[in-house]
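Everything below concerns the one structure shown next.
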Protein chains: 2
Amino acid sequence: MVVMATRDVDTLKYERVLHVLRSRIQDGTYPAGGILPSQHRLVAEFDVSRPTVIEALRLLRQEGLIETQTGRGSFVRGKAPVLAAQSANPGRRLLDVSEVDSSADLLQAGLVVAPTRVAVLLELPPGTKVFLRQYLIRDEDGPVELVSAWFPLELVTGTKLASPEPLDEGIRRHLYGRKRLRLDYAVERTLSRSAVLDEASSLGIDPGAPVLNVVVTGHDAQGKAWQLVDAVLPGDRHELRNVYPLTQ
Amino acid sequence: MVVMATRDVDTLKYERVLHVLRSRIQDGTYPAGGILPSQHRLVAEFDVSRPTVIEALRLLRQEGLIETQTGRGSFVRGKAPVLAAQSANPGRRLLDVSEVDSSADLLQAGLVVAPTRVAVLLELPPGTKVFLRQYLIRDEDGPVELVSAWFPLELVTGTKLASPEPLDEGIRRHLYGRKRLRLDYAVERTLSRSAVLDEASSLGIDPGAPVLNVVVTGHDAQGKAWQLVDAVLPGDRHELRNVYPLTQ
DNA sequence: CAAGAGAACCTGTCCTGTCAAGTTTGGCTA
DNA sequence: TAGCCAAACTTGACAGGACAGGTTCTCTTG
């Protein structure tokens with residue numbers, strides 16, 4: 001019966017409610033452990049329908065900012081967990097390294113015979129040649145991470161992967177743009193092992209020192225692995241940290 | 001006294017739709033890459049309203065089983081990633097160890113002076129005594145994981161934590177039942193280091209061998225840490241694995 | 001024959017309502 | 001005073017509809 005107001009993408013109603021509520025949680029208007037106004041009150045305040053309020057609350061819940069109990073209300077949780085999905089999967093970042101924004105030195109970019117572990121994970125016959133891009137990431141204290149990205153040869157033709165220059169966009173984006181390759185899921189393996197010689201010299205640690213090794217493979221919808229990224233971190237100086245809400 | 005009208009989960013309409021669609025995806029009725037019937041058709045088939053269908057599809061999307069594009073439809077994704085939340089946080093399991101269901105031997109349960117790292121993470125003065133429960137988890141090949149759970153003393157009084165017998169329920173559940181303590185979020189740290197002597201002898205590895213160390217702290221809504229669980233895994237024989245969907 | 005207009009689908013957003021079920025509170029009763 | 005109970009809250013699950021805007025296919029037109 002009523003003509004809607006202009007509905008811009010930026011002015012989605014549940015987005016507006018979500019944004020205001022999130023701000024109030026973060027600035028302490030609704031303190032940790034405190035209760036939010038009831039859905040009914042929020043409907044009145046924002047002049048939207050209850051489903052819209054419910055949608056905003058659902059998203060806050062998904063972000064881990066609130067917790068709601070039937071018959072009681074929604075309560076502010078203790079800590080704002082930063083984008084759980086992001087930090088929970090350190091390897092996602094690896095699959096998408098854009099080499100420009102971090103202080104990374106390209107160590108090598110070229111063809112090599114695949115080491116056994118790489119061949120196995122990429123499902124290639126032993127001894128197959130693959131393309132390797134390897135770089136070293138530093139922070140103010142020196143080298144902190146040795147990253148190796150491995151690709152099957154068929155993926156390299158027609159892309160800039162073989163170029164010795166840094167890519168100006170993320171690897172995944174580049175592959176989609178050039179080859180219409182769309183990665184569907186990732187498998188991430190975390191293990192502890194001793195540094196081999198060249199790792200030790202690159203990272204400036206003792207050979208044999210314990211390192212944290214994160215190995216991520218990117219797969220298409222059919223399950224084929226197209227990309228393998230291997231990150232080596234000095235074990236005693238760096239740790240992976242992850243904060244997430246505990247739901248009952 | 002009250003008649004519990006058991007509105008079990010199976011009678012919820014969106015649960016029914018969800019379950020049927022999930023089955024069809026898993027048995028290949030809707031193959032990977034294929035398209036699902038439109039919301040309109042699902043409304044007709046299941047005789048529910050569109051919001052109900054939308055809710056089921058939202059959950060499938062959240063599980064990583066489908067992906068939907070505006071104006072086109074919902075498509076089946078490549079691989080069913082098993083409960084990403086669970087596998088992404090190996091430490092969540094640790095906070096909730098129920099010592100009965102796994103083959104775990106209780107090594108010790110008693111008061112000890114907190115090691116520096118433990119005192120720091122539990123925000124206690126150095127030298128404070130804390131309670132330690134330590135056990136060893138085995139599989140068919142022998143010991144695979146050395147787990148230490150540390151608690152501030154104030155938490156132990158009035159609970160069964162001090163008892164040398166295995167708990168018959170999860171630790172978190174036990175703490176909530178006895179002390180109304182409700183953990184709100186967890187911080188998980190993963191690092192690689194060398195095994196110390198007693199770890200090595202418990203796990204049957206060489207002293208100094210690389211081990212994977214997962215340290216999880218459980219915090220209440222105010223940010224106070226109440227529980228610290230430390231798992232040590234032999235680095236060369238075990239890896240943490242995690243599968244998750246790659247959303248664009 | 002190629003390009004463009006439009007119809008027919010599709011999902012996303014948002015509305016007004018309805019009923020069920022859990023929680024809290026205050027007043028009444030034994 | 002202690003305990004029960006009903007009213008008044010709360011959230012949860014649905015229905016059925018409306019419109020906006022993206023995508024695809026077909027049919028008409030230059």
Side-chain angles (χ1 to χ4, degrees), chain A residues 1-21 30 33-63 65-77 180 182 247-248, chain B residues 1-21 30 33-62 65-77 176 180 182 247-248:
Chain A
M1 85 200 240
V2 180
V3 179
M4 297 293 109
T6 49
R7 224 172 312 185
D8 274 7
V9 196
D10 302 319
T11 61
L12 294 179
K13 296 198 178 179
Y14 75 85
E15 286 267 14
R16 207 187 85 231
V17 177
L18 173 66
H19 183 258
V20 172
L21 293 182
Y30 305 142
I35 189 171
L36 263 65
S38 74
Q39 295 176 0
H40 199 70
R41 278 177 208 280
L42 293 176
V43 163
E45 177 185 346
F46 290 99
D47 191 30
V48 295
S49 70
R50 195 157 81 100
T52 301
V53 166
I54 288 177
E55 176 67 13
L57 292 176
R58 181 212 310 283
L59 292 170
L60 286 175
R61 213 174 306 128
Q62 222 164 278
E63 292 175 22
L65 286 173
I66 66 170
E67 170 180 23
T68 117
Q69 287 166 256
T70 307
R72 296 231 297 150
S74 293
F75 299 84
V76 180
R77 301 195 53 165
R180 285 297 112 140
R182 196 185 160 87
T247 49
Q248 250 64 36
Chain B
M1 53 143 66
V2 184
V3 185
M4 275 307 259
T6 45
R7 170 126 186 198
D8 47 344
V9 216
D10 302 320
T11 65
L12 295 179
K13 297 197 179 181
Y14 75 86
E15 284 271 8
R16 207 186 87 231
V17 177
L18 174 65
H19 183 258
V20 171
L21 294 182
Y30 305 142
I35 189 171
L36 263 64
S38 75
Q39 295 176 359
H40 198 69
R41 278 175 207 280
L42 293 175
V43 163
E45 177 185 345
F46 290 99
D47 193 28
V48 295
S49 69
R50 195 157 82 100
T52 302
V53 166
I54 289 177
E55 175 68 12
L57 292 176
R58 181 210 311 281
L59 291 170
L60 286 175
R61 214 174 305 128
Q62 222 163 276
L65 285 173
I66 65 169
E67 170 181 21
T68 117
Q69 288 166 256
T70 307
R72 297 230 296 148
S74 293
F75 299 84
V76 179
R77 302 194 52 164
Y176 185 68
R180 285 295 111 137
R182 196 185 162 86
T247 49
Q248 250 62 36

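Lettering follows sequence order; numbering is per chain, from 1. Worth knowing before you read on, the calculation uses all heavy atoms, side chains too, and leaves out hydrogens, waters and symmetry mates.
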Please give, in whole Å, the distance from [N] [atom2] to [X] [atom1]?
X       : N      : atom1 : atom2 : answer
B/Arg72 : D/dT23 : CZ    : C1'   : 8 Å
B/Gln69 : D/dG22 : CD    : P     : 14 Å
B/Leu18 : D/dC14 : CG    : P     : 12 Å
A/Leu57 : C/dC14 : CG    : C1'   : 16 Å
B/Leu42 : C/dC10 : CG    : P     : 10 Å
A/Leu59 : C/dC14 : CG    : C1'   : 15 Å
A/Glu55 : C/dC14 : CD    : C1'   : 11 Å
A/Ile35 : D/dT10 : CD1   : P     : 9 Å

Open item on the list: Using only atom types and a distance under 3.5 Å, with no angle test, would you say the side chain of B/Arg16 pairs donor to acceptor with the backbone of B/Phe46?
Closed with: yes
Looking only at side-chain atoms of [X], point me to the closest of [options].
X       : options                : value
A/Thr68 : D/dT11, C/dT13, D/dA15 : D/dT11
B/Arg61 : C/dG12, C/dC10, C/dT18 : C/dG12
A/Ser38 : D/dT10, D/dG12, C/dG12 : D/dT10
A/Leu12 : C/dG12, C/dC15, C/dC14 : C/dC14
B/Ile54 : C/dT13, D/dT11, C/dC14 : C/dT13

Task: Position toward the 5' end of DNA chain C (nearest nucleotide), A/Arg50 or A/Gly71 - done: A/Arg50
Does [X] place a side-chain N or O at less than 4.0 Å from the phosphate oxygens OP1/OP2 of [N]?
X       : N      : result
A/Thr70 : C/dA21 : no
A/Gln39 : D/dC9  : no
A/Tyr14 : C/dT13 : yes
B/Ser49 : D/dG17 : no

Open item on the list: As an exercise, state the distance from CD of A/Glu55 to CZ of A/Arg58, rounded to the nearest 0.5 Å.
Closed with: 5.0 Å
Task: Straight-line distance of A/Asp47 CG to A/Leu42 CG, nearest 0.5 Å - done: 12.5 Å
TODO: Find out whether A/Arg61 and A/Thr68 are in side-chain contact, i.e. whether some heavy atom of one side chain is under 4.5 Å from a heavy atom of the other.
DONE: yes
Task: Heavy-atom side-chain contact between B/Leu57 and B/Leu21 under 4.5 Å - done: yes
